[in-house]
Amino acid sequence: MDRLEKELQSYVRAKHQKHDAFMKAFDSWGKEMEMTLNKLEKINGALFQQFQANMSDAEAFFAKKEKQFARMFRQGGEFL
């Protein structure tokens, strides 16, 4: 009985160690995934800000051209 009990304890200990190793690896993966997601969010935010700045420039350009065309048409269609 003593030998069987020791074998069972050894088996349980090995299973527990595998479980602990798996949980440690899973936690590590979760932290790495979180860091990657944070980096992606920062990149996405920077790209969005750049896009907004470019859109503001484009909107200003087209507003200026719209005013120029309106002025030209008010002057009787003289384009040059």
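Side-chain atoms are counted along with the backbone in the values below, which use heavy atoms only and exclude waters and symmetry mates. Only a predicted model underlies this, so the values are computations on that prediction, with no experimental measurement involved.
When the options Glu66, Lys65, Lys64 are evaluated for a side chain to side chain donor-acceptor pair (under 3.5 Å) with Gln68, the one that passes is Lys65.
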Donor-acceptor contacts, no H, no angles, side chain residues 30-38, under 3.5 Å, sequence neighbours left out:
unit_1, atom_1, unit_2, atom_2, d
Thr36, OG1, Glu32, O, 2.9
Asn38, ND2, Glu34, O, 3.3

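Scanning for side-chain contact (heavy atoms from CB on, under 4.5 Å) contacts around Glu5 gives Gln9, with sequence neighbours left out. Not counting sequence neighbours, the partners of Lys6 by the salt bridge (charged side-chain N to carboxylate O under 4.0 Å, His left out) test are Asp2. Every residue was checked against the side-chain hydrogen bond (donor to acceptor under 3.5 Å, both in side chains) condition with Lys39, not counting sequence neighbours, and none meets it. Shown here are the side-chain hydrogen bond (donor to acceptor under 3.5 Å, both in side chains) partners of His19, two or more places apart in sequence or in another chain: there are none. Partners of Phe22 under the ring-ring contact (aromatic ring centres under 6.0 Å, His included) rule, at least two apart in sequence or in another chain, do not exist in this structure.
Looking at Ser28, its side chain never comes within 3.5 Å of a backbone N or O of Lys24 through a donor-acceptor pair.
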